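Structure record follows, encoded as structure tokens.
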Amino acid sequence: MQYWARRLEQEIDGVMRIFGGVQQLRKIYDDNKSLFEVKENVPRKLVEKVAGDIESLLAKKVRALKRLANAAEKFQKAHHWQDNIREEDIEYYDSKADTEYDDPDGEEIEREKSNSLKLEFTDDDNFKTKVNYSYAAVQIPTDIYKGSTVILNELNWTQALEDVFIENRKEDPSLLWQVFGSATGVTRYYPATPWRAPNKIDLYDVRRRPWYIQGASSPKDMVIIVDVSGSVSGLTLKLMKTSVYEMLDTLSDDDYVNVASFNEKAKPVSCFKHLVQANIRNKKVFKEDVQGMVAKGTTDYKAGFEYAFDQLQNSNITRANCNKMIMMFTDGGEDRVQDVFEKYNWPNKTVRVFTFSVGQHNYDVTPLQWMACANKGYYFEIPSIGAIRINTQEYLDVLGRPMVLAGNRAKQVQWTNVYQDALGLGLVVTGTLPVFNLTEDSSDRKNQLILGVMGIDVALNDIKRLTPRYNLGANGYVFAIDLNGYVLLHPNLQPQIINFREPVTLDFLDAELEDENKEEIRRSMIDGNDGQRFIKTLIKSLDEQYIDEVFRTYTWAPIKSTNYSLGLVLPPYSTYYIQANLSDQILQVKYFEYLLPNSFESEGHVFIAPREYCKDLDLSDNNTEFLENFIALMEKVTPDSKQCDNFLLHNLILDTGITQQLVDQVWKDQDLNTYSLLAVFAATDGGITRVFPNKAADDWEEEPEPFNASFYRRSLDNKGYIFKPPYRDAGYRGLDLENNTIGILVSTAVELSIGDKTLKPAVVGVKLDLEAWAEKFKVLASNRTDRDQLGTRRCDPSSSCEMDCEANNKDLICVLIDDGGFLVLSNQEDHWYQVGKFFSEVDANLMSALYNNSFYARKESYDFQSVCAPEAPSNTGAAPRGVFVPTVADLLSLAWWTSAAAWSLFQQFLYSLTYSSWFQTEEVVGDGMEARETSCIMKQTQYYFSTVNATYNAIIDCGNCSRLFHAQRLANTNLLFVVADKPLCSQCESVKLLQAEVRGIL
């Protein structure tokens, strides 16, 4: 077998030396070194510069934010309350006045008459929508009556903010949305644009947005206790479950929470035994487990409160340690549990108690009111589903009082997690600042209320533009995290589905494969330190099929005056990079001509990376179209134009010329068919991928951006020749090989040494013809010489002659498997259509043996950004018509709205749609609550070579029909050569090792 392995190694090396052109490409770079400089990436300087640039960007927004908050407090203090104010007295643009509604029956709906201003809008690239810079817009939640006195007074005094919005934009034209979210639910935002909620129930309420929640209160430790005694069964229990669900939505990542149920005893509803961070993942666990609560037994408030106080007094865990509170949901009771409060909370009253009377009943609520008032809390009633959202967020007003009394000490600008902008900007972060009510009563006492939160958005893409990209190479990157360890920037931050109501939270240790070094780096960044560390770590390939063990330098520093810390990750070979200097315009034109399609037939097809080379360049997912756009623009501007990125353009044109010289010096003189090659190729850091011959481009399926191509990035991180078969999932059934040629990529990085500087600016490779190389593989893994004839060399297992992979292909399985466990080549013709499959799908017994004998190690991780199909709904009934349910036309009728009873009915109707399971109906989705696909956690498993390098023989014990196998790594490749007996009986069957993603449960 070692003889066969050497023959395979020599054949692969010979083909790559002839066609890969590594040595020739090195010489070409050396011959052209007058056309470029080798620049150095100095990590600490890069981090310092980028952190400073981000700090400057955000500081501009902070100045505008403070100006707005101060103005709002001044305007409100000067405002005179009007009891008799009317809608027609207020002039404003109602952003929902132009929202179109569809009647289910297809009939035209008579729209409600509106006093809204009529505005004209123009398209704006910055906002990705139509805007009007002369006005602000107003959004009022659907369940709030906009004609109420409170709302009209709010609209009256906030109108003065428009001038401040406009002045801010004049000072900083790059400002995006400027927003005031009022504690009354009114949102005033600038510039004006119509609200984006057509054909859906609009459930937007600014007080439920992540940025508002974070800005309106300081961090909280909250224990929610729910009465599940027998008296709360049925409707009341459903109300309680929904109330807890909504209460959890008022918490942010700065808060800590636990939920318990109680009757005679108290117990947590979930697996959490103590307070945990109120992040999306933990809140989702609580929400699912709350649904399992069952009512039985008798009520003992003492058990519930003692459990809650014990939770809050546990100092051995991480917690907010700021505001502490207990939220109790019950249907009523007589016990005041004064002894518990005396023991745990009096006289200092460090824990606030909020009580909620849930359901419609005749119990005396005096004890509940007393509990709340005696412990600096508040009492609320939730008689029906329409009262839930309002009453589960009112407690924030109470928590705001200490902030108002603290004055400027509490007015700190906070920057949020990443979240989805409601108006279409995509992913943003928001700077927030609370706005305080500075009015005083007749005794000169402060009002103690928060008016709302001022916010200014910053698009994530605007921050990304401040970070270096292409000089860091394909595997270098910048990332940033916040104080909770969630990433603000990271190449792996790619949420597939963005929940409109929740922030996008991905922990740094979930964005990368976790290890002790990264845990320490994360902690140091959260603590606001700077540092640098050179580590060996595991990384996942871009296609998530492979694991590589690599070396990386991590460098980090805080971004001053923000909640963020910035990091830079750099491989050793990216310490230096090429910067082209094509000052010779004749040479520029000469090289540029090799980008023209009329040169492809002789010089090979060129794919160019779809980068932003110039401001006016139209991007396209179709590379042919993008190349046409690029050529058309280059006929108008020069590579040195101010509107273009000279670094990107010069490097692109240089690499066009260098790869063309490779064609001239190597590829044109060789016959690819002699070695059964479908194509040869070269890809570069400059963004060029040249595929030769031109016709091979028709079957080229790799990314035109080398930095996004798995073969390119893996070749840089691994020595030798990297084989990449076309990936096939377990369900793939194969193609007709006679009509479809399958290719296997083999690539290797080109390492340059210029002086004492080492770098890898390119990757070269070949594409093997699978069918031809499968035949060649059989010959190379045989004892045949050129003089032998195949028919004369047949050996039987019982004979004394030595068997091989060609003559005995009916008895022996011979395969090449790559480092991820995927089949690359086989001597079995029925395996050919399975090339690219995880080998356990081909031969589960043999793959298990390789794993059990330590040829492969396994790495399991979780993808928290996956998308899953929704689970089938279990309830499909029709809603009972116990009360009058208005039609959509009724909802939009002005006459109908004038009735207070109508408004109450509408709230009930709206929330019955929101909580569809309430009436056991089919799901009705509201804005941002799409049900077609849901975010979920997927468990990923990858396999990679362990440290075993030697030839290994073993027997797979299957009783009376054991299998012998031999395995050996092929030098200078990512291949494992395996020869094994064919299984003779079913006893050798074993459980398949799984490599495909499966839905994970944490």
Side-chain angles (χ1 to χ4, degrees), residues 203 205 207-226 240-261 268-293 308 311-312 317-320 322-329 354 356 388-389 391-393 395-396 399 416-420 482-487 495 497-507 510 862 864-866 868 871 914-915 917 926 928-931 934-937 1000-1002:
L203 298 179
D205 186 326
R207 296 166 295 181
R208 296 273 166 168
R209 296 296 284 154
W211 64 271
Y212 184 95
I213 292 170
Q214 186 167 325
S217 63
S218 44
K220 303 176 284 295
D221 290 325
M222 177 187 289
V223 179
I224 301 171
I225 52 176
V226 186
M240 286 186 180
K241 291 177 179 179
T242 307
S243 298
V244 173
Y245 192 104
E246 287 294 316
M247 180 65 72
L248 289 167
D249 278 344
T250 67
L251 302 177
S252 72
D253 294 312
D254 296 330
D255 304 320
Y256 287 77
V257 65
N258 202 355
V259 183
S261 60
V269 299
S270 67
C271 57
F272 300 125
K273 305 305 180 187
H274 54 73
L275 293 173
V276 294
Q277 189 179 25
N279 57 36
I280 290 173
R281 203 179 308 166
N282 292 340
K283 287 193 288 187
K284 186 176 181 181
V285 172
F286 283 128
K287 289 175 181 179
E288 290 173 353
D289 292 342
V290 159
Q291 297 305 315
M293 292 191 306
Q311 289 277 299
L312 292 171
I317 58 167
T318 303
R319 53 184 180 161
C322 187
N323 293 299
K324 297 180 181 178
M325 65 202 64
I326 298 170
M327 313 302 234
M328 183 179 72
F329 294 90
F354 295 84
F356 297 81
I388 289 176
R389 271 165 64 101
N391 286 325
T392 53
Q393 67 191 23
Y395 79 94
L396 291 172
L399 291 191
T416 67
N417 297 123
V418 177
Y419 71 96
Q420 174 81 346
D482 66 12
L483 295 178
N484 287 307
Y486 295 130
V487 296
I497 277 190
I498 301 171
N499 189 321
F500 177 75
R501 299 176 66 187
E502 297 174 340
V504 178
T505 53
L506 178 68
D507 195 281
D510 294 326
Y862 291 89
F864 295 96
Q865 304 178 93
S866 292
C868 297
E871 296 178 2
T914 308
Y915 305 105
S917 60
M929 299 173 65
E930 287 81 359
T934 59
S935 59
C936 61
I937 300 170
I1001 301 175
L1002 285 180

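Note that the coordinates shown come from a computational prediction; the quantities given were computed from them, not determined experimentally.
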Whether the N484 and Q277 side chains hold a donor-acceptor pair (N or O, under 3.5 Å, no angle test) is what I'd like checked. yes

Any Lys/Arg nitrogen of D289 or K241 sitting under 4.0 Å from an Asp/Glu carboxylate oxygen of the other? no

Y212 side chain reached by D205 side chain, heavy atoms, under 4.5 Å: no

Between F286 and F272, does the ring-ring contact (aromatic ring centres under 6.0 Å, His included) criterion hold? Intermediate values first, please. CA-CA 9 Å; F286 283 128; F272 300 125; 5.2 Å; yes

List, one per line, each side-chain donor-acceptor pair under 3.5 Å for residues 213-221, sequence neighbours excluded.
residue : atom : partner : partner atom : Å
Q214    : NE2  : W415    : O            : 3.2
S217    : OG   : K220    : NZ           : 3.0
S218    : OG   : N323    : ND2          : 2.6
K220    : NZ   : D255    : OD1          : 3.4
K220    : NZ   : D255    : OD2          : 3.1
D221    : OD1  : A320    : N            : 2.9
D221    : OD2  : N321    : N            : 2.8

L251 backbone acceptor or donor facing K283 side chain under 3.5 Å: yes

May I ask you to decide whether D510 forms a salt bridge with R281, counting only side-chain N to carboxylate O separations under 4.0 Å? yes

Between the side chains of T250 and Y395, does any donor sit under 3.5 Å from an acceptor? yes

Decide yes or no on side-chain contact (heavy atoms from CB on, under 4.5 Å) for F329 and I225, but give the supporting numbers first. CA-CA 6 Å; F329 294 90; I225 52 176; over 6 Å; no

I need the minimum non-hydrogen distance between L312 and R319, along with the two atoms involved. O-NH1, 2.5 Å

Indicate yes or no: at least one non-hydrogen side-chain atom of S243 is less than 4.5 angstrom from one of I388. yes

Can you list everything that forms a side-chain hydrogen bond (donor to acceptor under 3.5 Å, both in side chains) with S261? Sequence neighbours excluded, please. none

Supply the atom-to-atom distance N258 CG to H274 NE2, rounded to the nearest 0.5 angstrom. 8.5 Å

Go through the structure and list residues passing side-chain hydrogen bond (donor to acceptor under 3.5 Å, both in side chains) with N417, not counting sequence neighbours. D482

Spacing of CE belonging to M222 relative to CE belonging to M325, to within rounding of 0.5 Å: 5.0 Å

